Amino acid sequence: MITQLKFISKEYKHIRILTIEGILAFYLVFFNLGKLDLDHSFGVFDKIGWAKDLGLYIQKKSYESKLIKQIEATPSLVRENWELGLFYLDTENNPELAIQYFTKGFENDVTGNFPFQNKIFESHIRLGHELFKLDEMLFKFWEYDYTLYSKIWQEKYEKALSYYNIAIGMESSSFYNDPRTAEFFNLEGNLRLYGNDFVNAEESYKICISLQNDREECFIGLALVKLRNSANFPESKYAMDSEAYSLIQRSFEAHEKEEKLLSKHGLFEYWVQSPAYRKDQMPRIELLASELTQKKTDIGLYQYVLGLSYYDNWKEKLTPKMLKSFELAAEKEPDSLDYCIEYGYSYAYYEDSIKGIQLLENCKQKFTPTYRLLSYLGDSYLLAGNYEKARENHLEAENSETFSGQRVQAVSNQNAYSIGRANLLLGNRNEGIKYLDLACNGGQGLKQACSRLAKEKE
């Protein structure tokens, strides 16, 4: 019997020890009820995870309950509103509740001893951060085509922006400490970049870098501002693209020992925007595309740029790789019109004009038609020998007011040349010469249009 009791005692010894440790931990916590000391050391009991966590939970609930009761009894209390606001903001990560108590405190603080406005500002920024989870959509946010981002994130974007605007409206207030961190200016830069407000986006990213000079997102964000804005300044495009590349390289150097996924993604953005710098980079693009595709399986940009690289260095043997890359880009991001067009037109030009036309017609049904889509569709019909459809699509692209803001002179010249050729092939010589003349543009347009025009006039 004694032996059995000893055996049972040994079997349940660990349970007795845990029970005693738990009781002692709660005993220590008991002396802190109504207070909040999350850094309080329980000595050896800090190693008892479950006991300490439960003890701190009880302590927090007791502290919260005490303050709420005091405020309910006397709503005009200032310090208690301040402390409860801090509790919700810093401990519970609930900025919405924090704003409620900071606002009450601010309304009753006649002495100005507490920086309530500062904390209200910070709470609104935190609310924006919570809604606008950049870590979830970082790469999609910077995708070349905005369609997917707009579709998924518009609601969150508007809510985040509303909190952001509330905070910015308080900028004239005096702060003991400015709560706008590098993360805030990164968010501000992204919001401005999304709205094509390049001047102010650049300012935000520069402040972000000044506050945290190793922040990868801000270097890449500033690089994208340069790349996107360079299209508006053709005379400065080379210099702005070079600045963008330097920023990406600096980001690589600052994160030498890290994965640098964002910096690598930035390179692909750079290669899309600056094709002249892409031509000799095919081995590097292949290597990085393989790496990033494994880590970001739903991003089409890497395959898209890889396809463009094969196009830049085109040889007959590269055609299957090029078409496969464009196909994968379109599959990974079915909401991207750019990828849809590139795959369809490349297939029509390099492989099968009939199937390519089918792919482009699918794009036309799925998306709102654009100037670029109709231009490529017209070219594809011309390749297939359907001159009526070719002329129809090109004329719609060039004559519709819907596309007036999308027209590019070089493409317009190509469209005019295609319309001219289609008219000639359909037997309408006068219209053919008219459009060849437009495409030649007094010798400033397409050389082949000028040559064909001269031949037709002989």
Side-chain angles (χ1 to χ4, degrees), residues 137 139-155 157 194 272 297-308 310-311 319-408 410-412 414-419 421-423 425-426 435:
M137 286 292 288
F139 293 90
K140 294 285 186 185
F141 178 83
W142 280 334
E143 226 298 272
Y144 183 60
D145 182 79
Y146 294 127
T147 306
L148 181 61
Y149 174 78
S150 302
K151 180 180 177 182
I152 297 175
W153 284 91
Q154 191 61 39
E155 183 180 347
Y157 167 78
Y194 174 73
V272 167
T297 57
D298 59 341
I299 305 294
L301 178 65
Y302 315 130
Q303 292 295 330
Y304 178 63
V305 172
L306 184 58
L308 293 175
Y310 290 137
Y311 170 81
T319 298
K321 288 185 176 182
M322 178 184 69
L323 295 178
K324 187 62 178 176
S325 296
F326 288 141
E327 181 184 12
L328 286 172
E331 285 178 357
K332 286 175 182 292
E333 297 194 41
D335 291 313
S336 172
L337 175 59
D338 285 324
Y339 300 165
C340 190
I341 293 174
E342 202 68 55
Y343 176 45
Y345 181 68
S346 297
Y347 208 96
Y349 193 87
Y350 289 97
E351 189 70 18
D352 182 340
S353 58
I354 301 301
K355 182 176 178 181
I357 287 170
Q358 290 174 345
L359 291 169
L360 289 171
E361 286 288 0
N362 289 341
C363 297
K364 190 176 179 181
Q365 290 178 10
K366 183 176 180 180
F367 300 96
T368 302
T370 64
Y371 177 72
R372 182 169 178 250
L373 173 56
L374 293 175
S375 299
Y376 277 45
L377 191 52
D379 285 343
S380 300
Y381 274 117
L382 194 63
L383 284 170
N386 190 333
Y387 307 124
E388 286 283 2
K389 292 290 287 185
R391 183 171 61 180
E392 177 188 319
N393 280 280
H394 281 307
L395 284 172
E396 184 181 354
E398 292 301 321
N399 296 335
S400 174
E401 285 298 317
T402 305
F403 311 119
S404 59
Q406 301 175 23
R407 292 190 185 103
V408 178
V411 180
S412 285
Q414 181 63 51
N415 285 346
Y417 178 56
S418 297
I419 294 169
R421 287 179 60 201
N423 276 307
L425 291 164
L426 289 167
Y435 280 97

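Index from 1, following the sequence. The model shown is predicted, which means the values in this text are computed figures rather than measured ones.
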> What are the two closest heavy atoms between Ile341 and Thr370, and how far apart are they?
Replying inline: CD1-OG1, 4.3 Å
> Where do Gly307 and Met322 come nearest, in terms of heavy atoms and distance?
Replying inline: O-CG, 3.5 Å
> To the nearest 0.5 Å, what is the distance between CG (Leu360) and OH (Tyr343)?
Replying inline: 11.0 Å
> Measuring from Asn393:CG to Ile419:CD1, what's the distance to the nearest 0.5 Å?
Replying inline: 10.0 Å
List the atom pairs, with distances to 0.1 Å, where a side-chain N or O of residues 347-358 and a protein N or O form a donor-acceptor pair under 3.5 Å, not counting sequence neighbours.
| residue | atom | partner | partner atom | Å |
| --- | --- | --- | --- | --- |
| Asp352 | OD1 | Ile354 | N | 3.0 |
| Asp352 | OD1 | Lys355 | N | 3.3 |

>> Tell me every residue that passes side chain to side chain contact (heavy atoms under 4.5 Å, CB included) with Ser404, counting only those two or more places apart in sequence or in another chain.
In response: Glu401, Arg407
Just list the side-chain donor-acceptor pairs under 3.5 Å for residues 374-384, sequence neighbours left out, or say none.
| residue | atom | partner | partner atom | Å |
| --- | --- | --- | --- | --- |
| Ser375 | OG | Tyr371 | O | 2.8 |
| Ser375 | OG | Asn415 | ND2 | 2.9 |
| Asp379 | OD1 | His394 | NE2 | 3.1 |
| Asp379 | OD1 | Ser418 | OG | 3.1 |
| Ser380 | OG | Tyr376 | O | 2.9 |
| Tyr381 | OH | Glu361 | OE2 | 2.6 |

> After noting the C-alpha distance and the side-chain angles of Tyr435 and Tyr417, does the key distance pass the side chain to side chain contact (heavy atoms under 4.5 Å, CB included) rule?
Replying inline: CA-CA 6 Å; Tyr435 280 97; Tyr417 178 56; over 6 Å; no
> So, Arg372 and Glu342, do they make that salt bridge, N to O below 4.0 Å?
Replying inline: yes
> Do any pairs count as a disulfide bond (SG atoms under 2.5 Å apart) and have a residue in residues 346-399, sequence neighbours left out, and if so which ones?
Replying inline: Cys340-Cys363
>> Going by salt bridge (charged side-chain N to carboxylate O under 4.0 Å, His left out), name the residues that satisfy it together with Lys364, two or more places apart in sequence or in a different chain.
In response: none
>> Please evaluate residues Tyr387 and Asn423 with respect to the criterion side chain to side chain contact (heavy atoms under 4.5 Å, CB included), reporting the C-alpha separation (whole Å), side-chain torsions for both, the decisive distance (0.1 Å), and the verdict.
In response: CA-CA 8 Å; Tyr387 307 124; Asn423 276 307; over 6 Å; no
> Glu333 and Ile299: side chain to side chain contact (heavy atoms under 4.5 Å, CB included), yes or no, with the steps?
Replying inline: CA-CA 7 Å; Glu333 297 194 41; Ile299 305 294; 3.9 Å; yes
>> Looking at every heavy atom in both Phe367 and Pro334, which two are closest together, and how far apart are they?
In response: CZ-O, 3.5 Å
> How far apart are the closest heavy atoms of Gln303 and Ala329, and which atoms are they?
Replying inline: CB-N, 3.9 Å
> Would Leu359 and Tyr345 count as a side chain to side chain contact (heavy atoms under 4.5 Å, CB included) if you check the C-alpha gap in whole Å, the side-chain angles of each, and the deciding distance to 0.1 Å?
Replying inline: CA-CA 8 Å; Leu359 291 169; Tyr345 181 68; over 6 Å; no
> For the atom pair OH (Tyr339) and CD (Glu331), what is the distance rounded to the nearest 0.5 Å?
Replying inline: 14.0 Å
> Can you list the residues that meet the side chain to side chain contact (heavy atoms under 4.5 Å, CB included) rule with Lys321, with sequence neighbours excluded?
Replying inline: Glu286, Tyr310, Leu318
